[in-house]
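Note that the coordinates shown come from a computational prediction; the quantities given were computed from them, not determined experimentally. Heavy-atom basis, side chains included; hydrogens, waters and symmetry copies ignored.
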Amino acid sequence: MKKLVWVALAAAVAVAAVFVLGSRRKAETKYRTAVVDKGNVTQVVTATGTLFAVTTVKVGSVVSGNVAALHADFNKQVKKGDVLAELDPVPFQEKVQQVQAALDKAKVDERNAPAANIELVGTE
């Protein structure tokens, strides 16, 4: 009976050893060969769905007008000092010209005012 237990134990150890060593066996390495040639390496990724910004920053301005050029787009990285948009300069140039004309008229009126006052005073 003792001998039968030893034989069963030895068989169990042998089966366990075969199971453990068999599962550790490496898979056969397979190689694929090809002719070497020269060319561009490219990788194309396609995706579908909706894109969302990682960070959203609200940008405001004190002036308003028609946008002449837009230099920043959604999700484009910008740094301090980068020009984001250019406004149409025509309305601002017209305003400057109006103010310059009013200033020139005021200077002419100021120059002519003393002469007008003297004539008025002298005729009374």
Side-chain angles (χ1 to χ4, degrees):
M1 188 74 167
K2 250 181 172 181
K3 192 174 188 179
L4 186 59
V5 172
W6 281 107
V7 170
L9 185 61
V13 168
V15 169
V18 168
F19 180 72
V20 170
L21 293 176
S23 64
R24 286 189 180 177
R25 201 163 85 185
K26 291 183 181 176
E28 185 177 319
T29 305
K30 295 181 182 179
Y31 296 99
R32 186 174 66 172
T33 60
V35 178
V36 176
D37 62 347
K38 186 176 182 179
N40 295 331
V41 177
T42 59
Q43 181 177 7
V44 178
V45 177
T46 58
T48 59
T50 305
L51 297 177
F52 295 100
V54 176
T55 304
T56 302
V57 178
K58 291 186 179 184
V59 178
S61 175
V62 177
V63 295
S64 63
N66 295 332
V67 176
L70 189 61
H71 301 290
D73 200 5
F74 191 69
N75 270 352
K76 181 180 178 185
Q77 288 187 353
V78 293
K79 293 177 255 164
K80 182 179 179 181
D82 287 354
V83 176
L84 303 180
E86 293 180 37
L87 297 178
D88 184 16
V90 173
F92 302 108
Q93 291 169 344
E94 290 173 353
K95 183 67 175 174
V96 169
Q97 289 172 349
Q98 287 175 354
V99 171
Q100 185 65 46
L103 178 63
D104 292 343
K105 182 181 180 308
K107 286 180 181 178
V108 169
D109 290 345
E110 181 184 26
R111 241 184 289 136
N112 293 335
N117 286 341
I118 291 173
E119 290 177 18
L120 290 175
V121 172
T123 57
E124 287 183 16

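Taking Ile, Leu, Val, Met, Phe, Trp and Tyr as members and joining any whose side-chain heavy atoms lie under 4.5 Å apart, directly or through other members, the hydrophobic cluster of Leu9 also contains Trp6.
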Identify all side-chain donor-acceptor contacts of residues 101-108 below 3.5 Å with residues at least two apart in sequence or on another chain.
residue: Asp104; atom: OD1; partner: Gln100; partner atom: NE2; Å: 3.2
residue: Lys105; atom: NZ; partner: Asp109; partner atom: OD2; Å: 2.9

Could you go through residues 30-39 and list every donor-acceptor pair under 3.5 Å that involves a side-chain atom there, pairing it with any protein atom two or more places apart or in another chain?
none

Determine all donor-acceptor pairs shorter than 3.5 Å in which one atom belongs to a side chain in residues 81-93; sequence neighbours excluded.
residue: Asp82; atom: OD2; partner: Lys79; partner atom: N; Å: 2.8
residue: Glu86; atom: OE2; partner: His71; partner atom: NE2; Å: 2.7

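Under the side chain to side chain contact (heavy atoms under 4.5 Å, CB included) criterion, Lys76 pairs with no residue, sequence neighbours left out.
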